[in-house]
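Everything quoted here is computed from the prediction, not taken from an experiment. Just so you know, ligand 1 is whichever comes first in the structure, and atom 1 is the first atom listed for that ligand.
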Amino acid sequence: MSNTEKLRWGILGAARINQQLMPAIVAAENSQLVAIASRRPNAAAETLALYAPDEKNVQIYNSPEALLDDDSIQAVYIPLASKEHAEWTLRAIARGKHVLCEKPMALTVADIEAIEQAAADNQVQVMEGFMYRFHPQHQRVKEIIDAGLIGDVRTVRTSFSYLMQPARQYRINDSIENGSGAMWDIGCYAIHSARLPFFGLDPVAVTAMAKHIDTGADISCNGILDFGDGRYAQFDFGFEHARRAEYEIIGSKGGLKCHNVWAKQNETPVISWWTEGGEEKQEVLALDNHFRLEVEHFSDCVLNNKQPELSLTDAKNNCKIINAALESVKSARQISIS
Ligand SMILES: NC(=O)c1ccc[n+]([C@@H]2O[C@H](COP(=O)([O-])OP(=O)(O)OC[C@H]3O[C@@H](n4cnc5c(N)ncnc54)[C@H](OP(=O)(O)O)[C@@H]3O)[C@@H](O)[C@H]2O)c1
């Protein structure tokens, strides 16, 4: 990093995910945690005491608006409920803040287009928080593919599931249209990682089926992305299954599996691969924290005027595919993606 300045961060909500992001901002060498806001009395202070107890100079605000009024804050992290992301991203941009917004950045492509325009008008950087992409294990996967070990990529399979605990039911207590349910929560990862540059292009069509509950939320889904020429990515995710957080890639000459894609910090990254020629290997990588790497990357982009690795075009494409998959579920048809 060419700049020794630290980016001054504010957090726009006292969400559970701060358990990961707050220590990540504190640990990131080019970042400084300056403030946190919550609309609930005491919640911001409690969150700070829980997840960053040693940080003594963090300002507490009783509303997100008050935090956005603080001119000393350069960037905000938005961990609000998914349906609030676009609105607060736009509000933060209007106040000249750079924004790292949790996934999904928005529920519609139109909202991301509005964010893109506002970011350009206000000369700020905005990135969707797909933290897993900053884990070095995906670079290693790319090296294995680029070395030709498994041949041409033909099929990808991504799986993200866990058994929903009663305390987490709030994640499915509203309709899909309001950002609730498995698709917006974990399906967006399964689709995003199926779009990793394995095929080098985005899909042309999607087919999906899902189970819904009374609230209107989906709790499990299976689907197929069509990348043309017989290349497919299968994705499945849900809250009624044992925990899986993995992807598998089958090529013309072998295959590989990344075992802990959305890994927690204490889960060892493991990649196993095999070839038709009889080679077989399990690579155990060093533990790493993709949340800290994500924060360091975004701070670096802002401080040194670089383009974030996850672009708004990528955010729009993911949102487009998610909405096409939801339409496929509703209509029981394959949906073309233009
Ligand atoms: N990257 C990841 O690994 C990861 C993991 C989990 C979630 N996420 C994403 O992060 C975002 C937040 O998820 P989360 O599960 O952390 O959300 P959450 O705890 O439900 O918090 C979301 C917002 O709701 C408010 N809130 C929190 N607890 C509340 C309560 N008991 N009663 C009323 N309001 C409450 C908070 O705003 P106020 O403080 O202003 O009230 C908070 O910012 C989502 O978009 C999700 O998709 C990402």
S.K.: Could you list the residues that satisfy ring pair (Phe, Tyr, Trp, His ring centres under 6.0 Å) with Trp9, not counting sequence neighbours?
M.R.: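 Partners of Trp9 by the ring pair (Phe, Tyr, Trp, His ring centres under 6.0 Å) criterion, ordered by chain and then number, come out as Phe298.
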S.K.: Would you check if the side chain of Arg168 reaches a backbone N or O of Met164 as a donor-acceptor pair within less than 3.5 Å?
M.R.: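 No, Arg168 side chain to Met164 backbone: no donor-acceptor pair under 3.5 Å.
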S.K.: Can you tell whether the side chains of Glu248 and Lys257 come within less than 4.0 Å, N to carboxylate O?
M.R.: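 Judged by the 4.0 Å cut-off on N to carboxylate O distance, Glu248 and Lys257 do not form a salt bridge.
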S.K.: Between Arg244 and Asp236, is the closest basic N to carboxylate O distance under 4.0 Å?
M.R.: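 Yes, Asp236 and Arg244 are salt-bridged.
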S.K.: Who's touching ligand 1 if we go heavy atoms under 4.0 Å?
M.R.: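 The 4.0 Å shell around ligand 1 contains Gly13, Ala14, Ala15, Arg16, Ile17, Ser38, Arg39, Arg40, Pro79, Leu80, Ala81, Ser82, His85, Glu102, Lys103, Met131, Tyr170, Arg171, Tyr189, Phe291.
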S.K.: Side chains of residues 204-224: which donor-acceptor partners sit under 3.5 Å, not counting sequence neighbours?
M.R.:
from   : atom 1 : to     : atom 2 : distance (Å)
Lys211 : NZ     : Glu240 : OE1    : 3.3
Lys211 : NZ     : Glu240 : OE2    : 2.7
Thr215 : OG1    : Ile172 : O      : 2.8
Thr215 : OG1    : Ala217 : N      : 3.2
Asp218 : OD1    : Ala182 : N      : 3.0
Asp218 : OD1    : Met183 : N      : 3.4
Asp218 : OD2    : Met183 : N      : 3.0

S.K.: Please list all pairs meeting salt bridge (Lys or Arg N to Asp or Glu O under 4.0 Å) that have one or both residues in residues 75-89, counting only residues at least two apart or in different chains.
M.R.: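 Qualifying pairs, neighbours excluded: Arg39-Glu84, Lys83-Asp174, Glu87-Arg91.
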